[in-house]
Amino acid sequence: MMTAPPIAVEQLTRSYDSQRGVIDLTFTVQPGEIFGFLGPNGAGKTTTIRVLMGFLRPTSGRARVFGLDCWTESTEIKKHVGYVPGDVRLWENMTGVQFLDFLCAFRQHIDPAWRRKLLERFQVELDKRIKHLSRGNRQKLALVQALLHDPLLLILDEPTSGLDPLMQHEFLTFLREERDRGKTIFLSSHQLSEVERVADRVGIIREGRLVAVLTVEELKRRRTRPMELVFAQPVDPQRFADLPGVRVLSVQDDGRRIELGVQDELPALLRRLADLPVIDMIYAPPDLESVFLTYYQAETIPPTREEAAS
Amino acid sequence: MSWPMIAKTLRDLRWTSFWYALGLVIYIVFLSSFYPTLERQREQFEQLFRQYPEFLFRVFGIDPERAMMTSFAGFMHAETFGFIWPATALIFVVLSGAAVVAQEIERGTAEFWLSVPVSRARLLLSKQVALLTSILFVVLTSTAALALGSQAFGSELTARGLVQLTIALTSFLVSFAGLATLASAIASERSKAAGLVGGVILLMYLTWVVAGLTEDVRWLRYLSLLTAYDPLAAMLGELPWYKPALHLIVGLGAGIGALVVFSRRDIVS
């Protein structure tokens with residue numbers, strides 16, 4: 001069983017009565033990699049994960065985990081999978097320790113030392129009733145329960161939502177360590193920066209369809225970061241036309257305000273800006289929309305803005 | 001069977017079961033205490049009751065040809081086990097049964113217990129076993145209270161009658177618990193599951209009342225599970241075996257149906 005890829009999805013379609021779901025997805029997750037599953041809200045990430053977990057039956061196509069069918073052999077699959085749902089809702093009247101003990105009771109063997117290590121690392125509040133816990137603490141409980149049986153595959157649906165930045169960093173570091181221990185991690189997220197920090201490969205999903213599967217290095221090469229420039233005097237957008245990896249996204253106030261899309265080709269751009277009357281500059285971190293810009297340029301330029309030729 | 005799931009479900013149901021059981025026990029003992037007074041003035045009460053229209057008795061589950069207040073069993077049937085007890089216990093069973101799946105899907109907690117390496121059928125079966133245990137607790141405390149009331153207020157209930165009453169009450173609740181878990185396995189909201197079974201019970205009740213009023217539609221009684229509910233015969237030790245058997249068959253059938261439906265359905269919260 002373990003010679004088969006941790007996740008293999010072939011032409012998977014899952015449609016709801018009136019909603020789209022996912023359409024014709026095909027991808028494979030290799031052993032020992034962190035696979036980022038990137039897409040905006042409503043793109044189909046959770047639907048895909050629910051099929052992998054055996055909660056939803058595929059309309060057509062196949063989804064396999066370690067070579068086992070996700071619908072008919074779901075019980076066997078779950079021995080080797082840790083799962084964190086996208087919308088973590090727990091039993092409010094349980095304490096943290098009762099919650100973990102309940103889910104541990106279904107597993108064959110939980111190493112007490114491993115459990116202690118996880119609880120210390122994520123500083124989980126165990127004694128309070130869950131209804132009195134903050135969202136971040138509930139999320140930490142959900143993360144720990146997925147890790148307790150030390151599974152070969154982690155399926156995580158937006159696992160850092162609700163965590164504070166320090167804990168997000170700690171958790172992503174932990175994921176890299178787990179990957180180095182040979183674990184496979186399927187990480188769904190709508191945050192490009194998060195996926196870029198930990199993933200080896202990325203699948204990009206939009207409107208139910210898989211747009212691309214690529215390495216993080218390829219992703220970084222392809223995505224653009226928005227740069228907003230404010231000038232003291234009007235500037236002709238053609239001044240940026242010849243720069244490699246730079247695209248004019250919008251021009252406002254007769255050229256006093258220009259938005260660029262920059263593909264990490266900064267040196268030539270900075271030299272050009274040094275000759276121009278720049279009074280303000282915002283260089284935003286890369287976001288998911290900028291990735292889609294690469295694939296759907298025409299669709300993503302805001303229509304209300306004055307467009308310029310690139 | 002999954003012991004962790006049985007234990008958790010019993011824990012979830014413990015206070016609900018306790019309060020329903022306690023309420024019914026208090027009611028039974030309280031009503032039993034009135035019996036000596038009634039016995040002393042039996043003739044006057046019987047004359048008074050005969051002046052009421054038959055419809056009024058039927059609505060409260062009393063067959064006036066069989067169950068007037070002429071005995072402790074008849075009195076307790078008319079005052080408790082004919083209407084108040086089944087109505088109260090059914091609320092407990094329907095709400096608890098409707099919660100087993102639908103409430104967990106509605107609240108989003110189902111994704112956790114469905115991510116463990118145990119089949120859906122075993123998980124739901126465990127919840128059903130816990131619900132059955134709670135039903136037994138409510139029934140046994142009620143029959144114990146009745147036995148106590150019978151002893152304390154000088155009446156004639158036999159051990160055979162108490163055992164048959166336990167069987168009648170348990171099988172009656174099992175039939176509706178099965179239907180409630182089936183509705184819960186189909187629905188994704190507890191209120192929808194409970195509403196569906198509540199509607200079925202109401203229809204069965206109306207059918208049963210109407211069937212008792214006139215000979216022309218007497219056949220309607222075969223459409224209602226309430227027809228097979230006969231606590232008076234049970235208390236007298238004369239319960240026909242097919243009545244609880246019918247309830248158990250319906251309950252087990254619906255319960256198995258719930259396992260099949262739940263194993264095949266999509267989980268969308």
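Per chain, numbering begins at 1; letters A, B, ... match sequence-line order.
Atom CD of A/Q108 has 12 or fewer neighbouring heavy atoms from other residues, nucleotides or ligands inside a 6.0 Å radius. For A/Q30, the CD atom sits in a packed shell: over 12 heavy atoms of surrounding residues, nucleotides or ligands are nearer than 6.0 Å. Crowding of B/W19 atom CH2: a count of heavy atoms from other residues, nucleotides or ligands under 6.0 Å not exceeding 12. Crowding of B/F30 atom CZ: a count of heavy atoms from other residues, nucleotides or ligands under 6.0 Å not exceeding 12.
B/M5 places a side-chain heavy atom less than 4.5 Å from the side chain of A/F106. Proximity of B/R264 to A/R57: side-chain heavy atoms (C-beta onward) are separated by under 4.5 Å at one or more points.
The contact between A/Q98 and chain B is made entirely by side chain atoms (from C-beta outward), counting heavy-atom distances below 4.5 Å. Only the side chain of A/Q145 comes within contact range of chain B, with at least one heavy atom under 4.5 Å from a heavy atom of that chain. Using a 4.5 Å cut-off between heavy atoms, A/R50 touches chain B through its side chain atoms alone. Heavy-atom distances place both the backbone and the side chain of B/W113 under 4.5 Å from chain A.
The nearest pair of heavy atoms linking B/S115 to A/R107 is O-NH2, 3.2 Å. In this structure, B/R120 and A/G54 approach most closely via the heavy-atom pair NH2-O, 2.8 Å. The two residues A/M94 and B/K8 have their closest heavy-atom pair at CE-CE, 3.5 Å.
By the 30° and 60° cut-offs, the orientation of the rings of B/F112 relative to A/F99 is perpendicular.
Interatomic distance, CG of A/L56 versus CZ of B/R265, reported as 10.5 Å (0.5 Å rounding). B/T109 OG1 to A/E92 CD: the interatomic distance, rounded to the nearest 0.5 Å, is 9.5 Å. With rounding to the nearest 0.5 Å, the separation of CG in B/D266 from CZ in A/R14 is 4.0 Å.
When B/E111, B/R122, B/R107, B/R11 are compared by the number of non-hydrogen pairs under 4.5 Å with chain A, B/E111 comes out ahead. Among A/L103, A/D87, A/I155, the residue making the largest number of heavy-atom pairs under 4.5 Å with chain B is A/L103.
Within the 3.5 Å criterion, the main-chain N or O of B/L114 finds a donor-acceptor partner in the side chain of A/K78.
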